[in-house]
Amino acid sequence: MVDKHSPLPIYYQLAEELRRRIEGEELRPGDLIPSERVLADKHGISRMTVRQAINSLVSEGLLTRRKGKGTYVASGKIEQPLQGLTSFTEEMKARGMLPTSRVVRFQAAKAPGHAAKELNLSADELVYEIVRIRMADGIPMAVETTFIPEALAPGLTREKAADSIYKMISDRHEAGIGYGKQVIEASAANQLESEYLGIPERAPVLLIRRKAFLGDGTPFESVKSIYRADRYQYAIDLNRIQQ
């Protein structure tokens, strides 16, 4: 229970109580937690204080909000090692999850400036621009905006883009997929991203920019991904550097 005479902030006490209930499995993944009104009445505190407590646990990934439905105990995060270049489809299948994609934009057009630079293309060369919502077991995990040179993926269609593009590229090019360069940073979901992912606007997300190359060094993909921070995390093993 909340102790109003404690030097600890009330929102922190409530957050810790909810945390204990989650860690003690009194509240399990997928459970709906009591509403802000119920928690405020139970503890005799303001709904603003309750909201602050819930926000802190949402930012940690312990709770997740569903628009129009309430706040739920989050499922465990998917952990992706930073070593190695894999596709979303390969990652999810390796975890026994069903990967699917919903293509929300697919077009062939002249490469915009940043994509042309990333892919070493001239201004008049065409690229496929593909925006996909990537899902695991039906749950939206990420929004990806991908640019691929048309010359490296002839015949790519909207329907084929819903499947693994990496597999198609690998099958079509003898050099195969070689390596990638990736940058990860913290960000906040904009309005469109929040709609696609079913999360609140300004919710924390992982912004990932990647450039991938064929085995012969030809760049074949420039992609920006927005991953839900409440469902996804990256891990890396670190070796001690001898001084």
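Just so you know, these numbers come straight off a predicted model, no measurement behind them.
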Quick check: does any side chain N or O of Arg210 sit under 3.5 Å from a backbone N or O of Gly180, one acting as donor and the other as acceptor?
no

Nearest heavy-atom neighbours spanning Gly155 and Arg172:
N-NH1, 4.4 Å

With a 6.0 Å cut-off (strictly less than), is the heavy-atom count around NZ of Lys211, excluding the residue itself, greater than 12?
yes

Among Val38, Leu63, Ile22, which residue satisfies the side chain to side chain contact (heavy atoms under 4.5 Å, CB included) criterion with Ile33?
Leu63

Out of curiosity, Arg228 CZ to Ile139 CD1, how far, rounded to the nearest 0.5 Å?
7.0 Å

Specify the closest pair of heavy atoms between Phe147 and Leu119, including all atoms of both residues, with the distance to one decimal.
O-CD1, 3.8 Å

I'd like to know whether CZ of Arg158 has more than 12 heavy-atom contacts from other residues, nucleotides or ligands below 6.0 angstrom.
yes

Hey, could you give me the CG/CG distance between Leu197 and Leu192, rounded to the nearest 0.5 Å?
9.5 Å

Arg19/Glu16 salt bridge by N-O under 4.0 Å criterion
yes

Under the side chain to side chain contact (heavy atoms under 4.5 Å, CB included) rule, what do Ile226 and Leu207 come out as? Steps first, then yes or no, please.
CA-CA 5 Å; Ile226 299 293; Leu207 168 59; 3.6 Å; yes

Between Arg28 and Glu25 (salt bridge meaning N to carboxylate O under 4.0 Å), is one present in this structure?
yes

Lys/Arg N to Asp/Glu carboxylate O, Asp171 vs Lys167, below 4.0 Å:
yes

Within the supplied structure, the quantity of interest is the number of heavy atoms (other residues, nucleotides, ligands) at a distance under 6.0 Å from Arg47 CZ; does it exceed 12?
yes

Measure the spacing between CD of Glu144 and CD1 of Ile208 and express it to the nearest 0.5 Å.
8.5 Å

With a 3.5 Å cut-off and no angle check, do the side chains of Glu201 and Gln191 form a donor-acceptor pair?
no

Shared hydrophobic cluster, Leu27 / Leu57 (ILVMFWY, side-chain heavy atoms < 4.5 Å)
yes

Find the distance between CE (Met92) and CE (Met135) and round it off to the nearest 0.5 Å.
12.5 Å

Does Glu174, at its CD atom, have more than 12 non-hydrogen atoms belonging to other residues, nucleotides or ligands within less than 6.0 Å?
no

Closer than 3.5 angstrom, by distance alone: can the side chain of Lys4 be matched with the main-chain N or O of Gly44 as a donor-acceptor pair?
yes

Show the nearest heavy-atom pair for residues Ile130 and Ala161, with the distance to one decimal.
CG2-CB, 4.1 Å

Check this for me: Tyr166, atom OH, are more than 12 non-hydrogen atoms of other residues, nucleotides or ligands nearer than 6.0 Å?
yes

